[in-house]
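Read the structure below first, then the notes.
Just so you know, these numbers come straight off a predicted model, no measurement behind them. Numbers restart at 1 for each chain; the letters A, B, ... are given by sequence-line order, proteins then strands.
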Amino acid sequence: MKWKQLVRNKPFVIGASLIGLLLMLMVMSLFYTPYGPNEMNTAMRLAHPQPSHWWGTDNFGRDIFSRIVEGTQTAFLIGVSSVAIGLFFGLFIGAIAGYRGGWTDEVLMRLMDAKLAFPGILLAIMLVSVFGPGLGNTIVALGLMSIPAFARIARSGFIQYKEFNFVKAAVARGAGATRIIVHHILPNIASPIIVAASLRFSGSILAEAGLSYLGLGVQPPDPSWGRMLSEAQPFIVNAPWYVLITGSVITVMVLGFNLLGDGIRDVYDNKS
Amino acid sequence: MTNSLLEMRDLEVAFTLGKQDYPALQQMTFQIGEKETVGIVGESGCGKSLTSLSIMGLLPGTAKITKGEIRLDGKSLVTSSAQQWSGVRGKDITMIFQDPMTALNPLMPVGKQIAEMALLHLGVSRKEARQLALDMMAKVGLSRVDRLYGDYPHQLSGGMMQRIMIAMALICQPKLLIADEPTTALDVTIQAQILNLLRDMNHSTGTAMLFISHDLGVIREVCDRVIVMYAGYMVEEAPVEELLDHPRHPYTAGLLQSLPGADKRGRILYTIPGRVPPLTGRRTGCPFAGRCPSATAICAAEVPQMKKAGEQHLVRCHLVAG
């Protein structure tokens with residue numbers, strides 16, 4: 001294992017710490033938040049940060065810290081499930097295209113190209129406006145959005161590895177296509193896929209923030225960072241901390257996953 | 001020769017490049033008897049590996065069998081569907097590759113790779129497969145097999161990996177083992193060990209062997225009979241001693257002459273002038289005519305047929321009286 005190298009890799013350590021911190025907050029939020037996330041206190045509207053409300057309150061007097069912390073659940077849920085959807089279908093399509101080659105490859109990859117031609121967020125907006133906003137549809141839309149990226153990475157890995165001797169040897173042994181794909185090739189292309197997944201994670205969270213900011217993602221009153229950002233916008237002069245804090249948290253999450261991915265790539269994909 | 005196990009008759013394999021077919025193997029006719037070890041020698045690009053791949057049904061996408069027949073135990077392999085063939089591959093015919101370092105999956109424990117073979121073809125449980133693999137590992141001369149089972153290829157030496165490959169190839173007790181230059185990537189002392197092992201396994205399990213090599217010394221060690229190939233044709237076939245002592249084809253004679261040896265110390269080694277013509281530049285006539293020291297007019301005009309030059313000795317040359 002390359003744990004030692006990973007531990008010495010600065011981007012990985014910083015990224016892992018940031019993500020670890022957010023994960024801890026998420027776990028905490030399952031059991032405890034200082035205030036209920038939707039609990040309003042009209043006497044304390046747009047309060048600035050102070051001991052009783054660490055990060056202040058919003059225009060309804062809801063505790064921003066509690067809402068942010070509660071929002072980590074949404075963020076992780078969306079990240080994990082949309083990446084899972086993208087991974088599953090992306091690997092499936094990429095594996096078949098790369099392993100079979102020929103016409104199968106052409107057709108599948110041109111479909112993926114067609115998908116890549118749309119800006120991802122536009123596609124997600126389209127899907128959500130057709131199927132309606134909400135958490136589930138947002139996840140599906142973001143998952144579909146990330147399929148082509150995984151499919152391309154898997155395909156290139158399969159094209160590369162199917163020419164390797166040990167794969168040919170497995171064919172010569174009489175192993176079937178499924179066995180070769182799952183047991184012999186997939187484990188060998190895991191590292192670029194892990195890197196892509198961790199980068200995709202931040203992409204999904206950012207996209208969800210974008211969708212929710214536009215009012216198409218998670219619906220009120222459930223806390224979502226993107227929607228909090230859009231709610232904070234009118235008060236940017238009166239309560240600048242609201243925008244700053246919400247934006248910073250999104251930044252920290254995205255930065256964390258990007259650093260994590262970069263670190264893993266440095267260690268595992270180092271060809272030199 | 002005992003009953004024939006593998007029979008190849010007038011096989012022709014061609015590569016399609018652009019719109020044209022270029023035959024890379026022609027008029028391949030030979031047999032391998034049960035328990036027999038047959039060697040194929042020839043220089044790079046003469047069709048040795050292509051012969052083995054066509055038996056395995058693993059020809060690259062651009063190549064296809066255009067003519068002829070391959071039979072295993074009387075059953076035709078050429079007409080087999082992909083599914084039937086994959087039942088033969090690994091069960092009845094197995095193959096050992098040139099470079100064991102690249103022929104093993106780097107991310108799967110070696111023991112598991114051997115067991116996979118048994119799982120695929122013997123219909124045994126995981127536990128039984130593991131036990132079979134352990135037994136086989138011991139049989140091919142590996143020690144501390146319990147620990148070795150879980151080791152990954154990078155933890156093993158080249159010789160150990162080739163033993164693993166042999167264990168994998170023999171675990172299902174195949175009828176025919178194709179060894180494609182199994183010792184080329186190994187150093188000389190390990191080579192000798194692996195050759196001994198192959199010979200022992202051939203004797204003890206009764207698996208017939210098709211042994212491909214460009215090293216006549218190795219062929220002499222292992223084989224009963226030898227086929228010499230040149231530019232896609234078999235040019236000579238004979239029992240190993242006969243062939244090495246009385247080569248009839250000018251190409252075989254040239255090969256033998258260019259071997260280093262104690263009596264040639266200090267002298268410049270003989271080389272056959274020229275090189276194997278590329279696939280796209282093969283002309284009519286004897287394939288070897290362009291490089292043959294004693295070629296005559298007929299050699300450039302007509303492909304010679306295989307003819308008998310002694311008991312069990314076949315040669316493809318106009319200059320040898322039949």
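- Taking B/M117, B/M101, B/M165 one by one and counting their heavy-atom pairs under 4.5 Å with chain A, the maximum is reached by B/M117.
- Residues from residues 104-112 of chain B that place a non-hydrogen atom less than 4.5 Å from a non-hydrogen atom of chain A comprise B/L104, B/N105, B/P106, B/L107, B/M108, given in numerical order.
- Closest heavy-atom contact between A/A172 and B/F97: CB-CZ, 3.9 Å.
- Of the listed residues (A/G101, A/G102, A/G174), the one with the most heavy-atom contacts under 4.5 Å to chain B is A/G174.
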Less than 3.5 Å apart, which donor and acceptor atoms pair up between the side chains of residues 166-178 of chain B and the rest of the protein, not counting sequence neighbours?
| unit_1 | atom_1 | unit_2 | atom_2 | d |
| --- | --- | --- | --- | --- |
| B/K175 | NZ | B/D73 | OD2 | 2.9 |

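- Surrounding OH of B/Y22 are more than 12 heavy atoms belonging to other residues, nucleotides or ligands, all under 6.0 Å away.
- In terms of heavy-atom pairs under 4.5 Å with chain A, the best-connected choice from B/G57, B/G90, B/P153, B/A103 is B/A103.
- The number of heavy atoms from other shown groups lying within 6.0 Å of CZ (B/R147) does not exceed 12.
- Chosen from A/A169, A/G176, A/A175, A/A190, the residue pairing most often with chain B at heavy-atom distances under 4.5 Å is A/A169.
- Looking at B/Q98, neither its backbone nor its side chain comes within 4.5 Å of chain A, counting heavy atoms on both sides.
- Within 6.0 Å of CZ on A/F89 lie no more than 12 heavy atoms contributed by other residues, nucleotides or ligands.
- Taking CZ from A/R173 and CG from B/L119, the interatomic distance works out to 11.5 Å, rounded to the nearest 0.5 Å.
- With a 4.5 Å cut-off on non-hydrogen atoms, B/T94 does not touch chain A at all.
- For the set B/M56, B/E116, B/Q113, the count of heavy-atom pairs under 4.5 angstrom toward chain A peaks at B/E116.
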